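Some notes on the structure that comes next.
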Amino acid sequence: MPEFQTNTQGHLTIGGLDALELAKEYKTPLVVYDVAQIRQQYQAFQDAFIKENLDYAISYASKAFSAIAMYQLIKQLGGHIDVVSGGELFTAMQADFPMSKVSFHGNNKTYQELLLAVQNQVGAIILDNFYEIELLSQILQSTKKKIKVMLRVTPGISAHTHQYVQTGQEDSKFGFDIRSGQAEKALVQVLSNPQMQLIGLHAHIGSQILEVDGFELEIQKLMQLVSDWSQKYQYQPDILNLGGGFGISYTQADTPLTPATFIHAISQTVRTNAQKFNLKIPTIWIEPGRSIVGSAGYSLYTIGARKDVPNLRPYISVDGGMGDNIRPALYQAQYEAVLARAPLQEPQEEVRLAGRYCESGDILIDSLNLPVTHSGDIIAVLATGAYGYSMASNYNRVGRPAVVFVENQQSQIVIKRESYADLVRNDCFYHLKKDD
Ligand code: LLP
């Protein structure tokens, strides 16, 4: 179960503040981040790299949670970010994030997005396909600019929670396939373009990974490739970007590894393979998203209706749901939740935590043990900081919640709650034809 703290009254606290007070002040549904936890996670990766004596970059995968305040925080920590759209890039620009520390991902970046990236001289465009190489060359020609790039390759490994599978030729929409020779063809194209500076190779093997094996295999594959290419083309990239995917604890079933364990395994494998293939030790980049913000986020909801059906679990409905956290409905993702006024109290009953949206599948937690609850009680769903708010929608024309950062026992709104007026802001009146 994800860890949580309580105060002397026995209430849940977030970053030292009483969750009930936060709910009262900012209303619910509310997403609250404990900023100290975000910093700790980032620093744990950083400390691990320093301990392993590797050159590194920690590039926060901002799709997990993107907001001006979040980019400000990563900037302060000295980190890099990855963005996957013009919108994320624009948000980072608003935060005055250093563009040299931005890498731009995506399997279908548009001309306009690539142009924005080139004009702002992002640190790396991570090339994903031949169409993109062509678009980017056009942009570089017309702007007469140069840009750093990496090649995203599909090494034929995908890591899933408890095992990794080696699929040979990966059936994925992302990246250049290694085995069929696409990656090599891309390399030749990029090396022959003087306006593109190829700084590294990238791969990403999956999400919520709880083992080191997938990363070890990924490194072996990438370094084998680097060795082949260095012999054939006398080219060796400086950077190996291993992507993200470091798993966290959502429920008791998850046994996450520490950043230190992951980075140690990565370091060992990199060193062994550098020796084996007689290569220099590359700079290692990682792109953690979930593991930076996931555990730091809490979703606070107010209980409304209760429905008791004989011989079935009671349905306890809250004022949010799939609009602010689509993950249970979309991936059958599991979460734990606690009653904010008494998270340590013995559970009395097993309930189903339902969302407020008009869809039967809008169930946040299928089976949850809770003390006796009442309408008006605050429920906190734990570890919702990654891919919760960032995947939120306005389904049923419900506004997205507010997001609050808590640090040093102080709270601050970082994204306002959407109002009814916000919901119709982009609607335009239709000029109806008059009936005669
Ligand atoms: N790098 C690349 C190239 C990625 O595609 C991703 C995630 C990451 C890094 C960050 O992975 P993380 O460390 O956060 O696992 N919406 C899904 C997750 C989608 C992940 C997509 N790519 C979810 O809610 O679980």
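Whatever order the structure lists ligands and atoms in, that order sets their numbers, starting from 1. Everything quoted here is computed from the prediction, not taken from an experiment.
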Among all protein non-hydrogen atoms, which one is nearest to [atom], and what is the separation to 0.1 Å?
atom: atom 15 (O) of ligand 1; answer: S207 OG, 2.9 Å
atom: atom 16 (N) of ligand 1; answer: Y331 OH, 2.7 Å
atom: atom 22 (N) of ligand 1; answer: K63 CD, 3.8 Å

Is any side-chain N of the basic residue among [X] and [Y] closer than 4.0 Å to the acidic one's carboxylate O?
X: E88; Y: K63; result: no
X: D362; Y: R356; result: no
X: D238; Y: K280; result: yes
X: R39; Y: E407; result: yes
X: D366; Y: R352; result: yes

Original post:
Angle class for the F262/F246 ring planes (parallel below 30°, perpendicular above 60°, tilted otherwise)?
Top reply: perpendicular
Within-cut-off N or O pair, [X] and ligand 1, under 3.5 Å:
X: G289; value: yes
X: S291; value: no
X: G206; value: no
X: R327; value: yes
X: Y387; value: yes

What atoms in ligand 1 come closer than 4.0 Å to a heavy atom of [X]?
X: R152; value: 3 (C)
X: H202; value: 3 (C)
X: A61; value: 8 (C), 9 (C), 10 (C)
X: H105; value: 3 (C)
X: G244; value: 1 (N), 9 (C), 13 (O)

Original post:
Quick one: which of E287, M391, R290 has a heavy atom closest to atom 9 (C) of ligand 1?
Top reply: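 Ranked by closest heavy atom to atom 9 (C) of ligand 1, first place is E287.
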Original post:
Does G245 reach ligand 1, in the sense of a heavy atom lying below 4.0 Å from it?
Top reply: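 The answer is yes, since G245 has a heavy atom less than 4.0 Å from ligand 1.
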Original post:
Does ligand 1 have an atom that lies less than 4.0 angstrom from a heavy atom of P288?
Top reply: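 Yes, that is the case, since the closest heavy atom of the residue is under 4.0 Å from the ligand.
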Original post:
Between R397, R425, R400, which is the residue that forms a salt bridge (Lys or Arg N to Asp or Glu O under 4.0 Å) with E418?
Top reply: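 Among R397, R425, R400, the one meeting salt bridge (Lys or Arg N to Asp or Glu O under 4.0 Å) with E418 is R400.
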Original post:
Between the side chain of T143 and the main-chain N/O of I139, is any donor-acceptor distance below 3.5 Å?
Top reply: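 Answer holds: yes.
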**OP:** Identify whether NZ of Lys or CZ of Arg in K185 sits under 6.0 Å from the centre of the six-membered ring of F176 and within 45° of that ring's axis.
**Re:** no
**OP:** Decide yes or no for I248 and D254: does some side-chain heavy atom of the first lie under 4.5 Å from some side-chain heavy atom of the second?
**Re:**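 They are not in contact (no side-chain heavy atoms under 4.5 Å apart), so the answer is no.
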